[in-house]
Structures are given as structure tokens and as C-alpha cells.
Number of protein chains: 2
Amino acid sequence: MALPAGWKREEIVRQSGLSAGKTDVYYVTPEGKKVRSKPQLARILGESFDLTAFDFRTGRTVYSACRKSKRQKGTSYDFARGVRHDASLVLPIRQTASIFKQPVTVKRNGPESKPRAELRHGVQDQPKQVFWEKRLQGLRACDSSEEVIPTMDLPRQMQGMGPDLSTENILQSISAALHVNTGPVVGQGAGKHAIMKNPGINMDTQQPHVHQVVVSNDDIHRQEQKVQIARRKLQDLMSSLEK
Amino acid sequence: MALPAGWKREEIVRQSGLSAGKTDVYYVTPEGKKVRSKPQLARILGESFDLTAFDFRTGRTVYSACRKSKRQKGTSYDFARGVRHDASLVLPIRQTASIFKQPVTVKRNGPESKPRAELRHGVQDQPKQVFWEKRLQGLRACDSSEEVIPTMDLPRQMQGMGPDLSTENILQSISAALHVNTGPVVGQGAGKHAIMKNPGINMDTQQPHVHQVVVSNDDIHRQEQKVQIARRKLQDLMSSLEK
DNA sequence: CGGAGTGTTAAA
DNA sequence: TTTAACACTCCG
């Protein structure tokens, strides 16, 4: 159960009437008040709780990208259906200062006209919000049963670079960089002081919001040993099962 | 008020609490007993009262054929929508003795086969329940505000023919005959004694459940005079309004 | 007057 | 057609 302490969830089956057999779900607050719908719950908890991912009926936190479907008439589930274009998952471009994604050149029919952007900069990178990864906040990975996969902790030497960064923010900026970058992901090169003074200038928007991490030979050796141990454990288990 | 004599209706407004401002309605029987709900009322009145159309809160008898709708977004109400197929309004065929609506002939591929019903009876009338109009009992006409239109009285010489016929039954059987019959509506020709002895045989199912009424010249004259008087009254009223 | 239990309805 | 959300009834 993912319910906060003191809360209770109840299921009541309707016994009679036109709606007999249906179940009503409600929650009981620590004070004993019954809560009978999600909007009511939101009203009680206030603005600071995000119930977007909370499924009132099941009482679980659910991150579903696809809609639930009750058809499934023999045919296997069509994953292409019902997938929403979620703005949070689109790599965002800069939202201020210009409505154009690229520098603009008036196109003429004369022979010597070429777009200036191409002339001046070679292949143009799309502009980026400096901290666009903040938009990923609140999104979680989940398995096929929609159970949220727990998040990771960061190693000590991994230090966030930028204002107001939680572990979640940092992990997400690393994941995003690994997913998006074509080159190596190495973290921020500039000093912490410079970045905190003016992130808009000194942040490297191609790199995640962590300071460059120096990986020593010792680090590599320790990690190798961890993997060795894990492998041995698995091997032992497998062979004990065979007997 | 459509309350039976001696009954009283009261409204109490709640003064405090979460439900302040709401009203509770109850009725007081001639004996002084308070009745607080429709089920309780039904228990007191017994089986012989049909409270389906009684609205406990308002104290009025309401026959709503269409559902109340709260939309009405600018567009005028679509009367074709929400009209239910009410079994009571369908002309019923005989419900017992046979599941077939028409006599049955096994169809063969040989050349000389013809359905026997056609051979024997010419165009077949659909069988009818003898007193199917009884199904109309309890249905009332109402105006657009769902106020029931009061029923009529019968002239003296109009006599019901059949067992246990109320004025309502008779009026409805006449209306139904006027609505359905292609020929003249004249009433039952058989004697009362014969019909009461065996309605299943002696009733004319094409005709309403009243004895044939002889309309004399006097009757016609009287009716003409009534119409004259009514017209004159209307004329007087109109001309007095013009001044 | 409260509240459990059902009805009702707009929206999915 | 189903259902989330809420309105309402009925009885303690």
C-alpha cells in the first residue's frame, strides 16, 4: 500500500437497486472523514499534492501512457492506439524570445540567394532551454503492471551543478543526456561558482547537470569486483537449483 | 393539491450543520401520523396504491415520459431523442396459447403448396387480447409542464360492457378505437348478458367496451345548442376585450 | 441533522 | 455503454 500513515481504503459493494453489484471505493482520513472521490481528495490535500498519477479506484500510483482498453477482442493489444502526444516528453525548444526555430531569411527567386543561417554557422543546432530536463520532474518509469520502479541513489562524488537540483532532477538529466547525445556524456566543465552565478551563459546545455566526475582506476576496480560477486552468487544459485 | 382529504403536507428547513438550508418534507395522515419517506408512505397505503408517478418531495403526481435534461445548450430540445419505446403503448397481440402470430404451414418446395391461412381466411387480422385496453390503465395525458390533464365524465347513456370497467377504462377503450379503427366506432352490438357470460366469445374486439348508443335527433339538437352558446360567449368576450 | 447507500448525469 | 462524481433519499 502506498497510502500515507493513518489513512484507510474501503470497498463497498452495492447490495440492491439498479446499481447492485457495483463497488464504491472510499478513503478514511486519519481524522475519520470519508473521502468519496478524487476531486474531493484533492480538495482535502490541497494544492501541494499532485494526484495526476493517483488512481482513486485502485488506490495505486499509476503512470500509464496508454489508455486502458476493455475490448481486446481476441486481437492482441494495439499499442499504437491511444498513445497520447504528451508535451512533457517532447524535447522542448526555447519558448521565449522568438517564435522561430531557426534564423530567418527572406526567400527570393534570384540566383544568388542562400539562407544566411547556413552560410554563417554551418549545421545549426536547435536552441534549447537551459534546464529543460526540469520538465521531466514527476515522470517515473513503471513496469507492465504499472507498478512504479523505485528510483536510484547517487554516488557521493556525483555533484549536481545548477540551482535547486534534487536527486531526481540530476538522474533525469543524466538519462536524458545518455538518450539524446551523440557524443560522450561527461558533465559540466565550468566551475560551480561560475555556473551558479549565471547558468544561462556558463552551463553546457549538451551535458547533464553534474560536475565532471573523475573516475580513478580504484573506482573501476571496485565496480569490477561488485560485478564478479554478483555473478558468482547467481552461478551458485543456478547450480543449486539444478540439483 | 391532489392530496386525499385529511392529509397534510409540511416542509421543514434545516437550520444548521452541513445540510443547512435543505428542506425535509413529510406528510401527516388523518390520524396524525407523520410520514417521512415514500417507502413508508407505500407501506401505510398498501399494495392498492400505485405511487410510481407520485413525487414525494413536491407532493405532485408527475408523468414524465422524457427524461429531464439540464443541457439545452442554445439548441432547441430534440423531441426525437430520449423517446422510449414503451411496451404499454404497443398494440398487444395475444400473449398466450401460441408463440406464432399467424397460423403456420410447413413450407414445401412442391408446386401446389400455399399457406393455408391465406387459402382459408383471406387477409388475416392480427389476433388481439379481448381487453387489451386495460393495459392503458394509469396512463394519463399531461401538458408540457407535466401537469396531468383532468379526465372526462361519461354521459349517462354511455354504458360499459364487460367485467370491472371503470370510467377510465371505458374512455380509454373509446379513444383507442377512434385512434385505431378504420371503420366506424359504434360500440358493442351483443347484449350485456351474453357478453358478461363469455366476453371471450361475445365481445367485438374491434369496438370499444360500451353498449351501442342510440343518438336521437334531440341529442344532436342539444349538442348544437351547447356549441352555439359557447360560441356566443367567446364572441362576447372577444368584442369586450377590443373596447 | 448526519451519513450510508443509491440514484442520476455528464463525459469518457 | 460505462463510469466518475456528486445529488438525493431515508432512517437513525
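- Annotation: proximity of residues 18-25 of chain B to DNA chain C (heavy atom, distance under 4.0 Å) is found for L18(B), S19(B), D24(B), numbered in ascending order.
- In this structure a side-chain-to-backbone donor-acceptor pair under 3.5 Å is missing from Q40(A) to V35(A).
- For the pair Y26(B) OH and dC8(D) P, the interatomic distance rounds to 21 Å; values are reported in whole Å.
- Going from atom OH of Y27(B) over to atom P of dC11(D) covers 15 Å, rounded to whole Å.
- Formation of a donor-acceptor pair under 3.5 Å by the K38(A) side chain with backbone atoms of L51(A) is found in this model.
- With Q206(B) contributing its side chain and V185(B) its backbone, the two residues share no donor-acceptor pair below 3.5 Å.
- In this structure, NZ of K38(A) is placed 16 Å from C1' of dC6(D), rounded to the nearest angstrom.
- Between L51(A) atom CG and dA5(D) atom P there is a gap of 11 Å when expressed in whole angstrom units.
- I12(B) has its CD1 atom 17 Å from the C1' atom of dT9(D), to the nearest Å.
- For residues 29-37 of chain A, proximity to DNA chain D is found at R36(A), S37(A), defined as any non-hydrogen atom under 4.0 angstrom from a strand atom.
- Close to dT6(C), at under 4.0 Å from its OP1 or OP2, lies a side-chain N or O of S16(A).
- Under the 4.5 Å side-chain criterion, counting only non-hydrogen atoms from C-beta, E133(B) is not in contact with N169(B).
- Q188(A) places no side-chain N or O within 3.5 Å of a backbone atom of M203(A) that could act as its donor or acceptor partner.
- Nucleotide dG2(C) holds its C1' atom 16 Å from the CD atom of Q15(B), rounded to whole Å.
- Neither OP1 nor OP2 of dT3(D) sits under 4.0 Å from any side-chain N or O of R57(A).
- Nucleotide dC10(D) holds its P atom 10 Å from the CG atom of D55(B), rounded to whole Å.
- An OP1 or OP2 oxygen of dC6(D) is reached within less than 4.0 angstrom by a side-chain nitrogen or oxygen of R43(A).
- With Q207(B) contributing its side chain and P184(B) its backbone, the two residues share a donor-acceptor pair below 3.5 Å.
- Inter-residue side-chain proximity for E168(B) and T151(B) is flagged as unmet; no heavy-atom pair is nearer than 4.5 Å.
- Checking side-chain atoms of R9(A) against main-chain N and O of R57(A) turns up a donor-acceptor pair under 3.5 Å.
- For the pair Q40(B) CD and dC11(D) P, the interatomic distance rounds to 7 Å; values are reported in whole Å.
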